[in-house]
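Worksheet: the structure to be examined is printed underneath.
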Amino acid sequence: MPDDTPPFRYTAALAAGIESRWQDRWDADQVYRAPNPGEPGFDAAQPKLYVLDMFPYPSGAGLHVGHPLGYIATDIFARYQRMLGKNVLHAMGYDAFGLPAEQYALDTGTHPRVSTEKNVANFRRQLRRLGMGHESRRGVSTTDVSFYKWTQWIFLQIYGSWFDPAQGRARPIAELVEEFERGTRSAPPAAKPWDRSNAQERAALIDSYRLAYLADVNVNWCPALGTVLANEEVTSEGRSERGNHPVFKRPMRQWMMRITAYAERLLSDLEGVDWPEPIKLMQRNWIGRSEGAFIDFECGKRRLRVFTTRPDTLAGATYVVLAPEHPAVDELVAARWGETVPESWRGRALEGGGAAGAFATPGEAVEAYRAAAARRSDLERQSDARDKTGVFIGAYAVNPSTGERLPVFIADYVLPGYGTGAIMAVPAHDQRDFDFARQFGLPIRDVLYPRTVLAMRHFCGAATEEERRGEMWFTVLADFLGYVTSNSIGPEGFADALALIRSRPRRTEDDPTRLTLETAQLVSDVPGALGGRRGSVRVTWQEALEDFGFSSFDELCAWFGERAFYARTGAAFAGDGYAVAPAELEGLATGEARRRMGTLIEERGHGRATVQYKLRDWLFSRQRYWGEPFPIVYEEGDAKNERPIPLPEHMLPVELPEIDDYRPLATDDPSAAPRPPLGRAREWAHLTLDLGNGPRRYRRELNTMPQWAGSCWYYLRYLDPANERAFVDAQTERYWMLSRRGGAGGSAAAEGERFAPGLHHSGGVDLYVGGAEHAVLHLLYARFWHKVLFDLGHVSTPEPFGKLFNQGYIQAPAYTDERGVYVEAARVSEDAASPGTFLYEGRPVRREFGKMGKSLKNVITPDDVCAEYGADSMRLYEMYMGPLEQSKPWNPRDIVGVHRFLQRVWRGMIDEESGAATVSEAELPEETRRTLHRTIEGVRRDFEVLSFNTAIAKLIELNNHLGKAFAGQPMPRAAAEPLVLMLAPLAPHIAEELWSRLGRAGSVVRERFPEADPAMLTQETVELPVQVAGKVRGRVVVAASADESAVRAAALADEKVAAFLAGKTVHKVIVVPGRMVNIVAS
RNA sequence: GGCCCCGUGGCGGAACGGCAGACGCAGCGGACUUAAAAUCCGCUGUCGCGCAAGCGGCGUGUGGGUUCGAGUCCCACCGGGGCCACCA
């Protein structure tokens, strides 16, 4: 069959030729080079812009179409900004250390360095194929020796500093030593005074202040990976995020980073950055600040310190709970049970341990409970979180508010690492305490109520104390009142609620804690109880009101003091309420009561106000091969790693040694000792050094740094990738990070306006794009390092990333067979006989949509898409799918739409037979000029806010317009060229080709983006819709400058409108100039 | 369980509180072809009336509210997704 496709039709084949030719040209001409200060071509007057992507792990599988979504977006944005005349830094590096890279190397039996280099090369090839305008000289990899030398250097900076709480910032450790020497600072009470300490003790004291330190901590040990993991790398099921292996808690001596010192700044500085709110929220939650108080309970001769956020509920505390690991337990545990101690408090010997039954002494019960708690996995603990366990330790503590003797328990629902590891339990106002109290028959004393409940108490005087305590029925009332009022059901509904409350069935045992809203509604469906919300009610609302002594609904509302009641589900716990006990707090709103109680406690010496954080220090060492070695040695003979010795800067880098067997020591045995693979490099691990006191033998630190180390600062190395004297040149750092985007150019500032709000305050990277999966890990660690570097004067901004944008995921269909196992999506086809049925090897499979990736076997590679349609079509499609921040399904059928668009653009100005441009030099007709300028204006606006889907739609519209306007005749150059330039950021290859075929020399990369003529955006006449009672009934054309009365007259005069107004009185005419008219008539 | 985000045609999605469904896909009809593909033109939320141009009703998950006017703002519910999950 003869192929009659014209030789210059824009097909995949033609696109492939165009694309590779221009990619070569771009490389050869270095068109993306962004000069640093002092480099050739640098112009201080030119505004700068730093655009950054979260760099990838170069996995062996290569890129799939989900990866470049964000990269394409930043590339378009960067290209657009270059065309506005900015000096744009856009580069792509590789996060190549860490578990995934090492795991891939293990799987394929190659050395990690070899496989990493291969993978990086493959990623680079794939990205180049997509036409990315990355500046290659800045594309560093975290595994480059010249890179990790500086990772080690930064580690030494952190190691060499301490956090001064008085100044709220990190300072060099030498200044701390100096303060001790001079006596301006004294050692903490627990430590020996400085002047009476020996050298070793002084060193230990100093070490205890460092931001990077060795400590025996209860770590997450993952034997299957042969390494410890950070809290952030462990899932809520207690398994490793990588590989899903079991993780065990175990004390080990490890490197830690004192990120907790920065908790407050990491929290408060979120205010100043332009980040998506959900991400900020996740960071806030992770940091987990809570204000509260330490309260001391007398407990025999000891004082037992608890932490609470609700000191105002102290009077409601009816028992005390310690974490099983709490150090005071051994001291407090009683020798024998008291006479009156119930059986259930004494623990239960488990089956297999001989006779089942309560333990003979508290000591035995405690021991058994601790052992059982340690055996229980996190998963088990969570699955039955409502079933509280614990044992009484035989001791009592005195409630400082009531003077009562409260029993002391240990229970694993109290965590050892948070607060003081001890709590006062207030079962009336805390769900967990309530669950525990019910389990153990402990008293429940309520001391505060939502406002509505206080009101309801007045109404329902019939309810006894007993009823309230046992069932916390007030939450039901609160639920229902909130429901009734917020639904604006009105007096009838309110009466319904009252009727329901009075007739509501007793709480049953299987619904022990509280009636939820759903159950309340269920109850309302019970015949006889209420008969439905709108149905027959047993009493009329007047009757109900009269019952309660009100004559009208308004009067009732007035009694409540406000028209809306805020109480909702859980209000009794959450605390928008009023305290009623103890006497000092009577009638105070909770916020006030908390403050008042805090003061009282402090005044009476029972404790003090404090702030606690959930954030823990960062576990910084791993027992793996493929990571940055620590620049740390120990004296030979110091077997327990007691005294780390930092290597001097000139000894950096500490290169990762070549070893044959780099596998981690994986095992199933949770009690096995970690054995870092670097221990096998014997030559490397032991060395002779002269650290100023003569040559001595030293041992190297054998752990490596975690995955996150390199990604904590790579964006700084992009700025100055080849610098051998510093991690980044100070002036260069200031230029790219500190100066405001668009600051120097007048018009540029205006252009950035819509985008700029986030850029005033913190400085840093102007736009950082990446997935939301890094909301806490990478983004928190990087902020921490950046702040340390800022405090030490190495960087000029307190925050690294001024504006953050999260792109969504690309989802793709995935298929499971009857066993629920995923099958190769590429080999599934739709059954032609019955659409909607999908077949894999002739067997039906079930379709679902999920994030594209290896695990769902639904990967589509950009290489395939490029081969079928070309890179420009691929880029355009990914941007056209929908809003960048949204997750959306990959639908290959839709790609032809954007491909056809490019084809039409091409054909509009190129002769498909000869390849010659077919444009005229004619002037544009008025209507076309207006359309063009409206498009320019719209596309610019869309580009500024990364709304590429709508920008493309506008370009398609423009092209459709041009196709119609110049059907059968050449398109004027005055339309063709702006169209090409607007297309250039989105589809750079075809734009370059068209530009050159239109007879223009050079690349479009540095051409100026078209500007809209404001005169072309205003219109002389406008068509306004005219509504009658909110429905469009007609249209009038009026002068754009027409005043309100003219528009009003025109609207009323309209024939159609008049027809609708016939026989009606016009009450009001609303005229929104330039928008519409609405006539209110009856 | 808590917090957060999202519900618009057959599909992806447009829409400063002001003409709902831009643009694309799919579908239908037509032109060009011996034919098909490609390409081009037109139609395409839904129901009713009409031969027709057209006219009208209903429509943004459900129920309320605010407003001259609600996809958009507020409340509740239903459904989907995400994050955290015994943090006192």
Side-chain angles (χ1 to χ4, degrees), chain A residues 1 4-6 9 11 236 276-279 281-282 285-286 288 290 292 306-310 313 321 381-382 385-386 388 411-415 417-420 422-426 429-433 435-436 482-490 493 516-518 521 533 564 568-570 574 612-616 772-773 775-776 877 880-883 885-891 893-898 900-901 903-904 907 912 947 949-950 952-957 960 963-964 967 1023-1027 1029-1032 1035 1067-1070 1072 1074-1081:
Chain A
M1 206 198 304
D4 56 359
T5 306
R9 168 158 296 172
T11 60
S236 56
E277 255 337 291
I279 302 295
L281 195 68
M282 281 162 71
N285 289 343
W286 191 265
S290 15
V306 306
F307 172 70
T308 179
T309 53
R310 300 298 302 269
T313 63
V321 189
R381 275 175 67 148
Q382 273 159 36
R386 290 299 274 273
K388 296 285 183 287
D412 65 1
Y413 84 92
V414 173
L415 306 176
Y418 185 74
T420 61
I423 62 155
M424 63 177 204
V426 186
H429 303 296
D430 182 281
Q431 187 67 52
R432 296 154 302 182
D433 296 342
D435 295 338
F436 189 88
Y483 176 73
V484 166
T485 53
S486 61
N487 275 296
S488 304
I489 288 170
T516 61
L517 185 54
E518 291 86 78
Q521 280 175 307
R533 190 155 56 77
R568 276 190 247 144
T569 309
Q612 295 289 308
Y613 300 90
K614 283 200 272 184
L615 186 70
R616 304 294 146 82
E773 69 271 22
V776 279
Y877 171 62
Y880 194 57
M881 289 171 78
E885 66 274 19
Q886 243 170 58
S887 289
K888 51 237 155 186
W890 180 262
N891 185 359
R893 266 216 293 232
D894 289 345
I895 307 174
V896 299
V898 288
R900 288 206 280 246
F901 162 60
Q903 227 168 36
R904 285 197 301 272
R907 192 168 42 237
E912 292 191 329
S947 179
N949 56 330
T950 52
I952 293 167
K954 289 182 174 85
L955 291 175
I956 293 174
E957 267 181 287
N960 289 348
K964 279 195 186 67
E1023 191 188 67
L1024 299 183
V1026 181
Q1027 301 180 339
K1031 288 192 196 307
V1032 178
R1035 276 156 228 292
H1067 295 292
K1068 203 171 172 186
V1069 179
I1070 291 120
V1072 186
R1075 306 289 319 184
M1076 47 80 66
V1077 182
N1078 191 12
I1079 300 168
V1080 187

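In this structure, the nucleotide among B/rC23, B/rC68, B/rA38 sitting nearest to the side chain of A/Arg9 is B/rA38. Picking from B/rC3, B/rA26, B/rU39 the nucleotide with the shortest atom distance to the side chain of A/Leu281 gives B/rC3. Closest approach to the A/Asp894 side chain among B/rG24, B/rC86, B/rC23 is made by B/rG24 (side chain taken as heavy atoms from C-beta onward). Checking B/rC86, B/rC23, B/rA88 against every side-chain atom of A/Thr308, the shortest atom distance belongs to B/rA88.
Residue order along RNA chain B, read from the 5' end via each residue's closest nucleotide, puts A/Gln903 first among A/Tyr418 and A/Gln903.
Here the side chains of A/Met1076 and A/Ile1070 are not in contact, with every heavy-atom distance at 4.5 Å or above.
Distance A/Glu773 CD to B/rG82 C1': 12 Å, rounded to the nearest Å. Regarding A/Arg893, its CZ atom lies at a distance of 16 Å from the P atom of B/rG10, rounded to whole Å. Between the C1' atom of B/rC25 and the CZ atom of A/Phe901 lies a distance of 16 Å, rounded to the nearest Å.
The side-chain tip of A/Lys388 points at the ring of A/Tyr413 from less than 6.0 angstrom away and within 45° of straight on.
An OP1 or OP2 oxygen of B/rA26 is reached within less than 4.0 angstrom by a side-chain nitrogen or oxygen of A/Arg900. For A/Asn960, a side-chain nitrogen or oxygen approaches OP1 or OP2 of B/rG24 to under 4.0 Å. Side-chain nitrogen and oxygen atoms of A/Arg904 include none within less than 4.0 Å of the OP1 or OP2 phosphate oxygen of B/rU39.
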Discussion item. Each nucleotide in nucleotides 13-21 of chain B should get exactly one letter: B, S or -. Can you fill that in based on protein heavy atoms under 4.0 Å?
Written reply: SS-B-BB--
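A/Gln612 comes within contact range of no nucleotide atom at all, as no heavy-atom separation falls under 4.0 Å. Across all strands, A/Asp433 comes closer than 4.0 Å to no nucleic acid atom at all (heavy-atom distances).
In this structure A/Glu885 satisfies the side-chain hydrogen bond (donor to acceptor under 3.5 Å, both in side chains) test with no other residue, sequence neighbours excluded.
Taking 90° from 0 as the syn/anti boundary, the base of B/rG9 is oriented syn.
For A/Arg616 (side chain) and A/Lys614 (main-chain N/O), a donor-acceptor pair under 3.5 Å exists by modelled atom type.
Shortest non-hydrogen contact noted between A/Ile279 and A/Ala772 is CD1-CB, 4.0 Å.
A donor-acceptor contact closer than 3.5 angstrom links the side chains of A/Tyr418 and A/Ser290.
Rounded to whole Å, the P atom of B/rU60 lies 11 Å from the corresponding atom of B/rU8. Comparing B/rG65 with B/rC16, their C1' atoms are spaced 24 Å from each other, to the whole Å.
A donor-acceptor contact under 3.5 Å links the side chain of A/Lys388 to the base of B/rC86.
Stem regions for RNA chain B, each three or more consecutive Watson-Crick or G-U pairs with both distances under 3.5 Å and listed by first number, read B:1-7 with B:78-84, B:10-12 with B:23-25, B:27-31 with B:39-43, B:45-49 with B:54-58, B:61-65 with B:73-77.
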